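Inspection log for the structure reproduced underneath, given as structure tokens.
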Amino acid sequence: MATDTPAMPISDAAILSRLIRPDDGSVSVEAAEALLSIRFEQEDLDRMHDLVTRNQEDSLSTAERTEMENYRRVSFLLDLMHSKARRALKSRRAAD
């Protein structure tokens, strides 16, 4: 039986966004700083650059396109986590 409740976004980013709530005080300064310290290593940055460059030349295999999409999705999620962490730090500092 269907319900009349509005559907919540179900993308991985939407789910993660609901988990990390920087404005309610649930993210500590230490946790926010730890999230901000997560970075791609140079090897991954080089691989992403290679994939993007070769994609512009339309020379990626199907597996490489999937790899590039995986990097894109993880990069987006990392950006989201960094944004939430910065908001948490800003909120904590404003409260002090």
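None of these values were measured; they are calculated from a predicted model.
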Non-neighbouring partners of Asp44 that pass salt bridge (Lys or Arg N to Asp or Glu O under 4.0 Å), sequence neighbours left out:
none

Would you mind reporting whether Arg86 and His82 have side-chain heavy atoms less than 4.5 Å apart?
yes

Return the [atom1] to [atom2] distance between [X] and [Y], rounded to the nearest 0.5 Å.
X	Y	atom1	atom2	result
Asp12	Ser17	CG	OG	11.5 Å
Gln56	Thr53	CD	OG1	6.0 Å
Asn55	Asp50	CG	CG	11.0 Å
Leu80	Ser75	CG	OG	11.5 Å
Lys84	Ser91	NZ	OG	12.0 Å
Arg72	Leu77	CZ	CG	9.0 Å

Looking at Phe76, I want to see if its CZ is surrounded by more than 12 non-hydrogen atoms of other residues, nucleotides or ligands under 6.0 Å.
no

Counting neighbours of CD on Gln42 that are heavy atoms of other residues, nucleotides or ligands and sit closer than 6.0 Å, is the number greater than 12?
yes

Please step through salt bridge (Lys or Arg N to Asp or Glu O under 4.0 Å) for the pair Glu69 and Arg73, ending with a clear verdict.
CA-CA 6 Å; Glu69 180 60 25; Arg73 199 167 39 257; 3.6 Å; yes

Please walk me through it: do Leu78 and Met81 pass side-chain contact (heavy atoms from CB on, under 4.5 Å)?
CA-CA 5 Å; Leu78 183 60; Met81 291 186 333; 3.9 Å; yes

Are Arg47 and Glu43 close enough for a salt bridge, meaning some N to O gap below 4.0 Å?
no

Count I, L, V, M, F, W, Y as connected when their side-chain heavy atoms are under 4.5 Å apart, and connections chain through other members. Are Met68 and Phe40 then in the same cluster?
yes

Are Ile38 and Leu45 connected in a single hydrophobic cluster, I mean Ile/Leu/Val/Met/Phe/Trp/Tyr linked by side-chain heavy atoms less than 4.5 Å apart?
yes

Validation: residues 30-37 side-chain donor-acceptor distances under 3.5 Å, sequence neighbours left out:
from  : atom 1 : to    : atom 2 : distance (Å)
Ser37 : OG     : Ala34 : O      : 2.7

